[in-house]
Each structure stands twice: as C-alpha cells, then as structure tokens.
Amino acid sequence: MNILIIQHAEFETAGAILPWAAERNHAVQVVHPYAGESLPEVHSFDMLILLGGPMSVHDEASLPWLVDEKRLTKDALESKRLVVGICFGSQILAEALGGKVFSNEDKEIGWHPIYRTMSFGSHRLLDAVPELQSVFHWHGETFSLPGGALLVASSNCCTNQLFTYGTRALGIQFHPEMTAEVVKAMCENCAEDLLEAPYVQSEEQMLSYPDRFVRNHKVLYDLFDGFVTGQPTTDQPAL
C-alpha cells in the first residue's frame, strides 16, 4: 500500500509505525503541515494515518492547516481509503464522523491499562486487542463516540480508547506507536503537562518499563495487521 502519515509536531514522530510498514513493504510518505508542507490529493494514497500532537481539534483559528487536514480526512473516508487516527488523530477522525471533542475529566499520561469492551467473534482484531494490558497514553481531551461506531477498548480514566467505524476507520486514543526516544522528547517539549495528578506519571516512571514498549508495539503490529486484512462479522455502517 501507499501510506500517508500526517505528523503534527517535530518531536512526536511515527515511532514503531515505520518499521511495521517497512516489514510489510508498504510505501510511506510523512507530511508535516505544521512546517508548511502541503497535503497531497486523496488519490495518492491507500491508507491515511493521523498521528498525535499537543494541539486541539478546536485550534483552527491559530492553526489554519487543520482545516485542510480535516477536509482530507473526510475525503479519505468518502473515497474508501483506510483511515487510522492516533490520540489527537483519533479526535480528528471522531469529529469527521460526527463525534464531539472535549476535555477529559483527567489528563491521562503514562502507562495505564486498557480493557476490551466487546467481542468481535471471528474478527482478527479480537487477537490484537488485549483483554487487559498497560499501554502508553498522553492526552487531556477525549471525544464522544460517533454514531454507528463500535467501542473496542476503554480505560478507567477515559471511556473511548479504541473504536472502529465500518471496515475502514480505526480510532486509537492511546499511543501504541510510542518509543522511549519519543517519550523523552515529549517530556522535554510538553513538560507543562507533567503536573501531579491521579493519572499522570513522571518521566522516570514512564521510562522505567522498557519491556512495556515491546508489548505496546506488539499491540500496534497486531492491531494494524488485523485492521488492514480483517473483515468484521458485525453489522457496521458502510463507508
């Protein structure tokens, strides 16, 4: 496939997504709209991946490139491209599908468990989503579940952690792509988020579990493979 990745901050890169794509011989283009790079036309890619970022979907006035990105996301959905949103990207995707984005009750930063909220029967995503596993988070906002979407996983801090819509849209509020290097960069560039709070860990805590990054990346690989090749057995709105 031809994959377009939209990156929203210099320090928040695609992480483990790049080796996943390389191992499967997918071609990848990474675009940086915050740096003035133009977005390509929808016909130039098969899969769109929207990464995280420190901004809000409501920042269109100060970040006018968001308008074009939101338009491209809707075009991709209407053109039956695969669309994956991660963290901030999941909020863009949820909004494009009719959901609302708003502040979560608490910030969720660091390693916190998610749990599977439904069974997919024979869907390959069933094996990709752990019944209970600590994954990496860094967000202060959340979204309402779009009408017709299926909620796949939640956490104690944030209900909507993972959803599917039809066969071609996947929203991931947590960060399965995170590497230790990216976490270090985020701690340096977003230090103002690391205030003492119930679901906020320190940099030391976040980097004290190197084995969790390995398990986190397995979730990403399994989840992306299941999304790309699996077909749901439940009735969902067609895109």
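All values below were derived from every heavy atom in this structure, side-chain atoms included, with hydrogens, water molecules and symmetry-related copies excluded. Since the structure is predicted, the reported quantities are computational estimates derived from the model, not experimental observations.
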At what distance, to the nearest 0.5 angstrom, does CE of M55 lie from CD of E12? 8.0 Å
Under the side-chain contact (heavy atoms from CB on, under 4.5 Å) rule, what do I6 and E69 come out as? Steps first, then yes or no, please. CA-CA 9 Å; I6 300 182; E69 181 172 340; 3.5 Å; yes
Kindly indicate, with the supporting measurements, whether the criterion side-chain contact (heavy atoms from CB on, under 4.5 Å) is fulfilled by L72 and L4. CA-CA 11 Å; L72 181 64; L4 174 66; 4.0 Å; yes
Answer whether the closest heavy-atom distance between the side chains of Y221 and P176 falls below 4.5 Å. no
Give a yes or no on this: more than 12 heavy atoms of other residues, nucleotides or ligands lie within 6.0 Å of atom CD of E60. yes
Does CD in E37 sit with more than 12 non-hydrogen atoms of other residues, nucleotides or ligands closer than 6.0 Å? yes
Short side-chain donor-acceptor distance under 3.5 Å, E177 and H175: yes
W138 vs L194 side-chain heavy atoms within contact, under 4.5 Å: yes
Between S44 and P40 (side chain of the first, backbone of the second, donor and acceptor by atom type, cut-off under 3.5 Å), is there such a pair? no
Assigning hydrophobic clusters by single linkage (Ile, Leu, Val, Met, Phe, Trp, Tyr; side-chain heavy-atom cutoff under 4.5 Å), is V31 placed with F11? no
Consider only side-chain heavy atoms of I, L, V, M, F, W and Y, link residues closer than 4.5 Å, and tell whether F45 and L77 are in one cluster. yes
Work out which heavy atom in A76 is nearest to a heavy atom in V42; give both atom names and the distance. CA-CG2, 3.6 Å
Under 3.5 Å, is there a donor-acceptor pair between the Y115 and Q161 side chains? no
Side chains of S56 and E141: is there a donor and an acceptor less than 3.5 Å apart? yes
Between N104 and C157 the two heavy atoms that sit nearest each other are ND2-O, 3.1 Å
Would a distance-only check, ignoring hydrogens and angles, find a side-chain to backbone donor-acceptor pair under 3.5 Å from Y199 to H112? no
Could you tell me whether D46 and R81 make a salt bridge, using a distance below 4.0 angstrom between a side-chain N and a carboxylate O? no
In terms of heavy-atom contacts, A16 and L220 come closest through O-CD2, 4.1 Å
Is there a side-chain contact (heavy atoms from CB on, under 4.5 Å) between H58 and V101 once you walk through the steps? CA-CA 8 Å; H58 305 300; V101 177; 3.9 Å; yes
Please tell me if the side chains of M206 and C187 come closer than 4.5 Å, counting only heavy atoms from C-beta onward. yes
Quick one: are L170 and V152 in side-chain contact, heavy atoms under 4.5 Å? no
Between CD1 of I3 and CZ of R24, what distance do you get to the nearest 0.5 Å? 10.0 Å
Report yes if the distance between the aromatic ring centroids of F174 and W111 is under 6.0 Å, otherwise no. no
Check whether V67 and L48 end up in the same hydrophobic cluster, where Ile, Leu, Val, Met, Phe, Trp and Tyr are linked by side-chain heavy atoms less than 4.5 Å apart. no
State whether the side chain of Q7 and the backbone N or O of A9 hold a donor-acceptor pair below 3.5 Å, judged by distance alone. yes
CG (D68) and CG (L39) are apart, to the nearest 0.5 Å, by 6.0 Å
Contact list for residues 130-139, test salt bridge (Lys or Arg N to Asp or Glu O under 4.0 Å), sequence neighbours left out: R116-E131
Answer yes or no: is there a side-chain heavy-atom contact under 4.5 Å between T142 and F102? yes
Same cluster or not: are I114 and F224 linked, directly or through other Ile, Leu, Val, Met, Phe, Trp or Tyr residues, by side-chain heavy atoms under 4.5 angstrom apart? yes
Euclidean distance, S154 OG relative to L145 CG, rounded to 0.5 Å: 9.0 Å
Looking at D75 and R71, is any side-chain nitrogen of the basic one under 4.0 Å from a carboxylate oxygen of the acidic one? no
Should M186 and L50 be counted in the same cluster of Ile, Leu, Val, Met, Phe, Trp and Tyr side chains packed under 4.5 Å apart? no
If every non-hydrogen atom of L97 is compared with every non-hydrogen atom of A169, which pair is closest and at what distance? CD1-CB, 4.4 Å
Side-chain H-bond candidate by donor/acceptor type, S155 with E108, under 3.5 Å: yes
Around atom NZ of K70, are there more than 12 heavy atoms of other residues, nucleotides or ligands at under 6.0 Å? yes
Go through F163 and F143 one step at a time and tell me if the ring pair (Phe, Tyr, Trp, His ring centres under 6.0 Å) criterion holds. CA-CA 11 Å; F163 74 89; F143 51 83; 5.5 Å; yes
Are the side chains of L162 and L151 in contact, using a 4.5 Å heavy-atom criterion? no
When you compare the side chain of L150 with that of Y165, does any pair of heavy atoms fall below 4.5 Å? no
Could you check whether the rings of H8 and F88 sit parallel, tilted or perpendicular, using 30° and 60° as the cut-offs? perpendicular
Please name the pair of heavy atoms, one in T13 and one in E10, separated by the smallest distance, quoted to 0.1 Å. CG2-O, 3.7 Å
Would you say M47 and V83 make side-chain contact, with heavy atoms under 4.5 Å? no
Check against side-chain contact (heavy atoms from CB on, under 4.5 Å), F213 and V183: CA-CA 10 Å; F213 287 102; V183 171; 3.8 Å; yes
To the nearest 0.5 Å, tell me how far I172 CD1 sits from N160 CG. 14.0 Å
From the list M178, H139, H137, side chain to side chain contact (heavy atoms under 4.5 Å, CB included) partner of C87 resolves to H139
Distance, nearest 0.5 Å, that separates NZ of K80 from CG of L82: 11.5 Å
Is the number of heavy atoms from other residues, nucleotides or ligands under 6.0 Å of E23 CD greater than 12? yes
Could you tell me which non-hydrogen atom of L207 sits nearest to which non-hydrogen atom of A180, and how far apart they are? CD2-O, 3.9 Å
Is N216 reaching over with its side chain to a backbone N or O of R212, donor-acceptor style, under 3.5 angstrom? no
Do the two ring centres, one from Y209 and one from F136, sit under 6.0 Å apart? no
Can the ring centroids of H26 and W20 be said to lie less than 6.0 angstrom from one another? yes
